[in-house]
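Chain letters run A, B, ... following the sequence lines, proteins first and then strands; every chain starts at 1. If you're wondering where the values come from, they're calculated on a predicted model, not measured in any experiment.
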Amino acid sequence: MAAGRGSGASRARRRSRRARGATGARRRSRTGLRPQRAAAIALAILAFGAGIYAGRTVVRLDRIVRARFEGQLFRIPSRVYAAPIILYPGLDVERAGLRAALARQGYREEASARVDQPGGFHWEAGRVWIHVRAFDHPARPQPARPIELRLRGSHIESIRDRATGHELAAVPLDPELVGAYYGADREQRELVRIEELPPHLVDAVLAVEDRRFERHRGIDWRRVAGAMWANVRAGDIRQGGSTLTQQLVKNFFLTPERTLSRKLHEAVMALLVEARYEKEAILEAYLNEIYLGQRGPTGIHGIGEAARYYFGKPASTLDVAESALLAGLIQSPNAISPYRHPDRARARRDLVLDLMRQQGRLGEAEYEAAVAEPLALAPPTVEPRESRYFLDALRRELPSAYDHELLTSGGLTIHSTLDLRLQQLATEALRQELAALEKAHPALRPSGGQRLQGCVIALRPQTGEVLALVGGRSYGESQFDRCTQARRPAGSAFKPFVYLAALEAGGGTPAITLASFLEDTPLTLETPAGPWQPANYDHEFHGRVPVREALERSFNVATARLGQQVGIERVVDMAHRLGITSPLPPVPSLALGAADLSPLELARAYATIANGGVRPEVRTFEDLVDANGEVRERRAIAFERVLDPATSFLGVSLLAGVVDRGTGRALRSGGLTGPVVGKTGTSDDSNDAWFAGFTPELVVVVWVGFDEPRGMKLPASRLALPVWLHFVREATGGDIRGDFAPPPGVVVADVDPETGALALARCPRRRPEYFLEGTEPTDTCPAGGIFVREREGEPGEPASPIERWFDRWIRGLL
Amino acid sequence: MIRLPCPAGSAMALAALVLTACAIPRAGGPGVEPLRLEQVAGRGDAPRRASTRIVMQGLDADAAGRGEEALDDYQSALRVDPTNPWAYLALARQRAAGPQPRAALAALDQAEARLRAEGDLAPGVEAHLVGLRGFVLVASGDTDEGRRLLEEAARLAPGPWGDGRLDASELR
């Protein structure tokens with residue numbers, strides 16, 4: 001019966017279910033055993049779905065973890081270093097700015113001469129002790145080295161290696177950081193390997209951040225429980241229970257928001273990381289990742305970078321107290337910055353030391369010694385902002401394979417040619433002189449959104465090294481580099497190429513000698529654009545003028561005539577050989593500098609003249625080393641002879657006259673003495689002002705103008721020259737080394753300044769002049785006279801019969 | 001600084017100069033002492049002396065087969081004194097033995113121009129200039145002229161150039 005009833009009821013239920021359709025599910029849930037089973041099934045399905053979802057999530061998170069850990073773990077901006085300062089006996093340490101350089105590099109000034117740690121120095125009258133830091137380079141690894149300099153006045157008398165007692169010929173300091181190529185995050189780090197770190201550093205970090213790191217599997221449940229209890233009691237989230245692994249996961253993969261979902265992801269990923277990787281690898285990643293402060297706009301990440309920044313030394317050499325300070329900073333690097341809050345920093349350091357002692361990671365005696373130590377920080381260093389233009393120029397010199405991505409993440413090391421002292425001086429010279437110009441000349445003040453601009457580039461002529469490059473007044477304001485990216489009419493700064501083309505024998509007879517004369521008289525030339533009539537700056541014509549005077553006073557008409565005489569093609573050829581790379585239109589006005597050039601190429605061409613006709617390859621870097629320590633690019637010194645030394649010397653001699661007597665004489669009145677040569681350049685309508693010049697070891701080109709050309713109504717001698725003078729005077733300290741000596745192939749003969757003829761004994765006027773051998777004048781003063789000249793006799797006195805005979809004999813010999 | 005020269009001397013003085021010049025033995029006589037840098041290390045001003053000692057350090061590295069380090073030393077030497085002819089000479093020697101020997105010619109030219117300008121082109125130096133030029137020419141295929149120059153160098157300084165090459169240690 002029961003079965004029958006049951007069977008009937010069952011049929012009825014089935015009928016009823018079919019009739020009610022979808023609403024039956026709601027009812028099932030309200031009634032008896034069957035709904036429970038259904039719920040269980042539903043739950044099982046739900047659980048299965050959740051399991052699938054969780055599993056997929058875990059797989060996804062695992063993939064993320066593996067991609068990071070097994071790929072490029074860190075994005076490391078490539079660093080650029082300056083050329084090292086080389087110390088040697090005889091060096092003037094004041095002029096070289098040694099003390100300032102040590103401070104910039106974070107060398108600690110110590111109270112005694114002991115200086116037993118790399119990165120310290122002690123300065124006394126007559127003696128300096130420096131513990132030079134090690135520097136790693138594949139070709140020139142420099143060990144850390146304690147040295148003692150003995151000074152006489154401000155000059156180094158001797159250098160002694162304190163470890164060996166040996167006298168040293170020269171010691172390079174570890175090179176100074178110029179800057180780095182940052183990504184959007186502006187993070188800088190120096191990677192460390194865990195086996196290189198002192199054990200007390202690891203102990204300090206573990207003591208304060210994760211004391212059970214060695215024992216947990218990614219999550220420290222005891223710590224989580226403790227934190228939860230503390231938060232429940234406080235009624236707020238006050239404490240976190242994150243392990244070091246969780247912190248690493250959070251920094252690597254997650255946002256800092258405090259949500260349950262993020263916490264769950266963090267926990268799962270921490271477990272995955274612990275399951276997949278060794279503790280040491282996790283700890284190493286953590287120590288390289290952790291944020292430890294700020295260096296200007298750049299975040300300091302990792303123990304290695306922090307050790308350099310706070311203590312001026314590698315992490316491998318940190319002592320217990322220093323390690324404890326860094327470990328203490330992890331919690332809140334800016335709030336307890338040892339530079340801004342030394343008391344807080346010291347208290348935090350001492351807390352870490354105490355934790356280390358409590359946990360048995362530090363003995364009592366070590367604790368006492370470490371707690372007694374002062375903070376002993378290196379002076380805070382900032383990346384020199386004035387080098388940004390240089391960094392951009394260097395990036396453009398690199399092959400295209402070194403793109404933004406590689407430079408900002410590849411951890412490359414680039415050893416540049418930059419001289420940071422000169423770079424700072426150039427920046428300052430430009431800044432001060434442009435400000436002074438604006439103050440003195442209202443027409444130069446900002447208007448229409450435009451500000452007076454300028455650039456300074458300095459090269460070493462023999463090697464082509466770019467020593468300083470300032471592409472504008474402010475990189476923050478405008479990143480356009482006026483030294484390498486701008487091309488503007490060079491004006492008269494181009495003229496030396498015309499004179500050199502005319503002076504070059506080139507297998508024949510040169511068009512002129514330095515004793516020749518040029519016509520500075522009205523000139524009209526037919527060109528495709530119509531007749532061209534050059535004019536002088538003073539709107540006058542000067543008649544027949546000596547070659548020297550024509551360049552010294554920058555006469556346009558005489559130079560235009562000379563260009564025609566030589567042939568513009570030869571002028572173009574000369575300019576290109578010397579180092580001009582821009583296209584040069586073969587038009588008559590080219591002789592007056594109508595072509596657009598960059599200051600960089602003008603500097604290169606002047607460097608060739610300074611270097612006796614040998615053109616250097618311009619370089620902004622020496623080598624590029626990848627993250628594995630392999631040299632990937634090298635720019636070795638390279639040069640090529642493009643002009644014979646004798647002709648080149650005549651060009652130098654001409655340019656010397658510009659400074660001694662011509663448009664560049666303000667250099668002399670400005671106090672610059674010694675071997676200095678150069679040329680002003682003012683373009684049409686005074687839109688561009690140039691000064692290009694050199695000493696035997698330094699070529700400098702300055703450009704001043706507006707980005708949108710605007711007439712400045714002043715000559716270059718009052719615009720660009722003051723910047724040049726300011727910079728070179730500071731750079732050389734007024735003591736310019738070297739000389740421009742005439743090479744073989746140049747002879748000297750006395751000439752009559754009024755005619756250019758060879759001055760003989762009875763010639764009433766005379767001045768010595770340089771000639772290419774064999775190009776001395778054949779005309780004589782007095783006309784038809786003899787070769788012999790007098791040294792001691794009065795001009796115009798007749799020569800003796802013996803001298804006449806001797807003269808004929810010599811002539812016959814020659 | 002360029003100094004415009006004083007007017008030249010009298011004919012007697014000129015004649016004396018010519019006669020004196022004729023009396024100077026020309027490079028190439030047997031018994032010429034080939035130059036070693038240690039002989040000139042103490043010459044010149046402080047930058048020159050330091051620079052030359054760095055060049056010597058580079059020659060040591062070169063002799064020990066550490067070419068990159070040597071190149072770095074030569075470049076450092078030029079940073080201290082960019083006019084040091086010995087640095088160019090050492091650079092030329094290194095490049096002559098390298099994969100692009102013709103690149104040595106520019107350095108050789110620089111060395112020669114500077115030595116001439118400084119009046120330091122002694123016969124013992126000239127032997128090296130001639131020999132290195134010959135070495136480069138032979139290495140780059142101009143064997144006739146190259147061999148002639150090498151023979152000339154060997155005649156001038158049979159010690160270092162007897163084997164047709166100049167080792168770093170022989171220049172040091």
Side-chain angles (χ1 to χ4, degrees), chain A residues 83-84 86 88-91 138-140 155 169-170 172 460-463 465 612 614 622 631 636-641 645 652-653 656 674-677 696-697 737-744 748-750 759 766-770 787-792 799 802-803 806-807 809-810 813, chain B residues 1-15 18 41 44-57 61 66-84 87-88 91 94-95 103 105-107 109-110 112-114 116-119 121:
Chain A
I86 300 172
Y88 57 88
L91 179 75
R140 48 174 190 278
H155 290 80
R460 185 173 281 132
Q462 292 83 2
T463 60
E465 292 160 286
V614 175
E622 278 196 351
V631 176
I637 182 172
F639 32 71
E640 184 184 358
R641 176 162 295 287
V652 175
S653 175
V676 181
V677 311
E697 297 179 2
R737 179 174 181 266
D739 204 347
F740 296 115
V748 180
D750 282 5
R766 67 184 58 240
R767 70 173 170 81
E769 187 54 273
Y770 292 112
F787 185 76
V788 178
R789 291 161 290 173
E790 286 190 357
R791 176 181 283 279
E792 292 164 357
I802 294 176
E803 283 176 322
F806 226 69
D807 179 67
W809 181 70
I810 295 281
L813 270 181
Chain B
M1 183 56 215
I2 290 186
R3 286 182 297 272
L4 287 173
C6 296
S10 68
M12 292 293 276
L14 187 58
V18 170
D45 62 2
R48 172 61 57 88
R49 291 194 300 273
S51 174
T52 304
R53 288 181 69 181
I54 298 172
V55 176
M56 290 165 68
Q57 201 173 287
R66 302 191 305 272
E68 285 288 301
E69 190 182 325
L71 176 61
D72 192 70
D73 280 331
Y74 303 147
Q75 296 197 145
S76 292
L78 288 173
R79 205 171 283 138
V80 173
D81 176 9
T83 63
N84 187 349
Y88 292 103
L91 195 60
Q94 190 192 44
R95 287 187 175 171
L105 290 178
D109 176 58
Q110 279 272 52
E112 186 169 353
R114 293 185 185 287
R116 280 190 194 285
E118 293 181 12
L121 199 54

Query raised in the report: With sequence neighbours left out, what residues match B/Asp72 under side chain to side chain donor-acceptor pair (under 3.5 Å)?
Result: A/Arg140

Query raised in the report: Among all residues two or more places apart in sequence or in another chain, which pass the side chain to side chain donor-acceptor pair (under 3.5 Å) test with B/Glu112?
Result: B/Arg116, B/Arg133

Query raised in the report: Of the listed residues (A/Ala636, A/Pro645, A/Ala170, A/Pro743), which shares the most heavy-atom pairs with chain B below a 4.5 Å separation?
Result: A/Ala636

If we only count heavy atoms from C-beta on, is the [X] to [Y] side-chain gap below 4.5 Å?
{"X": "A/Gln462", "Y": "B/Asn84", "value": "no"}
{"X": "A/Arg737", "Y": "B/Thr83", "value": "yes"}
{"X": "B/Arg79", "Y": "A/Glu465", "value": "yes"}

Query raised in the report: Could you state the interatomic distance from CD1 (A/Ile637) to CZ (B/Arg95), rounded to the nearest 0.5 Å?
Result: 6.5 Å

Requested in this report: Output all residues satisfying ring pair (Phe, Tyr, Trp, His ring centres under 6.0 Å) with A/Phe639, sequence neighbours left out; order by chain, then residue number.
Outcome: B/Tyr88

Query raised in the report: Which of residues 49-57 of chain B get closer than 4.5 angstrom to chain A, counting heavy atoms alone?
Result: B/Ala50, B/Arg53, B/Ile54

Query raised in the report: Of the non-hydrogen atoms in A/Gly90 and B/Ala46, which two are nearest, and what is the gap between them?
Result: CA-CB, 3.4 Å

Requested in this report: Would you mind checking which part of A/Pro744 comes under 4.5 Å of any heavy atom in chain B, side chain (CB onward), backbone (N, CA, C, O), both or neither?
Outcome: side chain

Query - Which portion of A/Ile86 sits near chain B, non-hydrogen atoms under 4.5 angstrom - result: side chain

So what's closer than 4.5 Å to chain A heavy atoms on [X]: side chain, backbone, both or neither?
{"X": "B/Leu91", "result": "side chain"}
{"X": "B/Ala61", "result": "neither"}
{"X": "B/Gln75", "result": "side chain"}
{"X": "B/Asp45", "result": "side chain"}

Query raised in the report: So, A/Glu697 side chain and B/Pro82 main chain: donor-acceptor pair closer than 3.5 Å or not?
Result: no

